[in-house]
Amino acid sequence: MFGKRSDGVLVKDLDPIIALTPYLMPQRNDAMVMTDYDLDFSLLTRYIAKKSAEGIKITFLELVIAAYVRMVAEVPQLNRFVANKRIYARKYLAVSFAILQPLANGGVNENTTKVYFDPTDTIYDVAARMQKTISECRKEDADNLTMVLARILTKPILANPIVALVRLLDRYGLMPKIIHEASPFHTSLFITNNASIGLPRVYHHIYNFGTCSQFFGLGNQIRSIDLDREGKPVRKRTLPVGAVIDERVAEGYVYSKMTGLMSKYLSHPELLEVPPEKVVWDQGYEYHVPKVTEEKKA
């Protein structure tokens, strides 16, 4: 309340236009800007195969998330959010995503989880955190806080008043910590891997509920014919990513940096094998998450 939140630090000395934007566009779906990335599928495949030969499992999803974590380490404004028309620097770095949970009867459930990262994480750290969480969530008896809360709210007679109350508490920074931890919508980034189920990329809306400011959607690889520098036709494979961002949290040049860094790190994924030389902390607020794997050498 009064600008204080357990999950964020109020951003000071904002550009007046940026500070005014949430009043002009009070909802996230007012402020959605869509862009896309076409990543070199063949290059990433070769990198994944190389790591596999070294006994290290890396996936496309982990590479994209590792690139995002590195971007936040360099451009922390990407990890801001809007609440009650005010802009905050998030006190943590987290990514939410859905997991298909196989059942003994041959069916599947969809489980949603949230993984916390440290800005100093390498691709190895990101992969270890992801693999640990996915392994736990795919167990048939897995029941994280998100699923427990969703199950409680299956009845409209409970869902309507409880969600209304949670929205009100969240607006003023009074939402209980247990609900915050259970909510996949209170996160830095929400990402969906449509390629895993054979679908194209999507430009997914950002939820008005919660504090998520960005949504990435990976799609099926695209095969095409392009021209090389000599004008000769060459086969090309790309991994398409659709991105939807909340334009209220930062200036356009910040998102320009984001585009450049995404291209840099996913064109040279080996750069993600070592920690960043320096982490830039938004508003001077530092957060750290314990490592789950020993650092491997590049």
Side-chain angles (χ1 to χ4, degrees), residues 11 14-15 17-18 21 31-48 58-81 87 89-90 93-95 117-123 125-126 187-193 195 201-204 206 212-219 221-222 224 226-229 236-283 298:
V11 178
L14 278 170
D15 179 283
I17 298 299
I18 297 295
T21 303
M32 294 192 303
V33 173
M34 303 177 188
T35 186
D36 52 42
Y37 303 94
D38 289 315
L39 309 176
D40 190 326
F41 183 88
S42 299
L43 183 153
L44 294 177
T45 299
R46 288 195 297 272
Y47 177 81
I48 290 171
I58 302 290
T59 67
F60 291 106
L61 183 63
E62 291 162 358
L63 282 167
V64 173
I65 291 176
Y68 175 77
V69 170
R70 187 58 53 87
M71 289 189 291
V72 171
E74 296 185 27
V75 188
Q77 296 94 325
L78 295 172
N79 199 20
R80 291 178 175 179
F81 65 91
I87 299 176
R90 202 181 305 274
L93 172 55
V95 177
F117 298 97
D118 190 290
T120 63
D121 280 352
T122 66
I123 178 60
D125 296 314
V126 169
T187 186
S188 308
L189 170 71
F190 209 120
I191 189 166
T192 179
N193 184 12
R201 72 172 147 208
V202 294
Y203 301 90
H204 197 290
I206 305 176
C212 180
S213 296
Q214 299 181 60
F215 203 119
F216 287 1
L218 280 65
Q221 66 165 301
I222 296 175
S224 61
D226 205 351
L227 299 179
D228 63 16
R229 293 182 179 181
K236 186 176 181 181
R237 293 193 297 168
T238 56
L239 177 68
V241 180
V244 179
I245 56 180
D246 184 344
E247 69 163 320
R248 302 173 300 172
V249 301
E251 298 88 340
Y253 82 88
V254 170
Y255 291 120
S256 175
K257 284 185 178 180
M258 172 181 166
T259 300
L261 290 172
M262 177 73 87
S263 176
K264 170 185 174 181
Y265 287 117
L266 292 176
S267 295
H268 303 280
E270 66 278 0
L271 296 175
L272 298 171
E273 295 177 5
V274 294
E277 293 183 2
K278 177 183 178 182
V279 173
V280 182
W281 300 103
D282 200 359
Q283 303 297 295

State which residues pass salt bridge (Lys or Arg N to Asp or Glu O under 4.0 Å) with D226; sequence neighbours excluded, sorted by chain then number. K236
Please table the atom pairs, donor to acceptor, closer than 3.5 Å between any side-chain atom in residues 212-219 and protein atoms at least two apart or in another chain.
unit_1	atom_1	unit_2	atom_2	d
S213	OG	R80	O	2.8
Q214	NE2	L78	O	2.9

Decide yes or no on side-chain contact (heavy atoms from CB on, under 4.5 Å) for D118 and D125, but give the supporting numbers first. CA-CA 9 Å; D118 190 290; D125 296 314; over 6 Å; no
Could you tell me whether R46 and D40 have a side-chain N and a carboxylate O separated by less than 4.0 Å? no
Which atom pairs, donor and acceptor, lie under 3.5 Å between side-chain atoms of residues 62-77 and protein residues at least two apart or in another chain?
unit_1	atom_1	unit_2	atom_2	d
E62	OE1	T59	N	3.0
E62	OE1	T59	OG1	3.4
E62	OE2	Q131	NE2	3.3
R70	NH1	L271	O	3.3
R70	NH1	V274	O	3.2
R70	NH2	D121	O	3.2
R70	NH2	V274	O	2.8
E74	OE2	Y265	OH	2.2

Side-chain contact, heavy-atom cut-off 4.5 Å: R201 with D38? yes
Non-neighbouring partners of D246 that pass side-chain hydrogen bond (donor to acceptor under 3.5 Å, both in side chains), sequence neighbours left out: R248
Quick one: are Y37 and M258 in side-chain contact, heavy atoms under 4.5 Å? yes
For S267, all residues meeting side chain to side chain contact (heavy atoms under 4.5 Å, CB included), sequence neighbours excluded: S263
Taking all heavy atoms of P119 and all of P276, pick out the closest pair and write down the distance. O-CG, 3.6 Å
Applying salt bridge (Lys or Arg N to Asp or Glu O under 4.0 Å) to D36 and not counting sequence neighbours gives none
If we ignore hydrogens and angles and just use 3.5 Å, is the side chain of T187 paired with the main-chain N or O of A94 as donor and acceptor? yes
Could you go through the side-chain contact (heavy atoms from CB on, under 4.5 Å) check for N79 and D282 one step at a time? CA-CA 9 Å; N79 199 20; D282 200 359; over 6 Å; no
Is there a side-chain contact (heavy atoms from CB on, under 4.5 Å) between I123 and Y47? Walk through the geometry before answering. CA-CA 12 Å; I123 178 60; Y47 177 81; 3.9 Å; yes
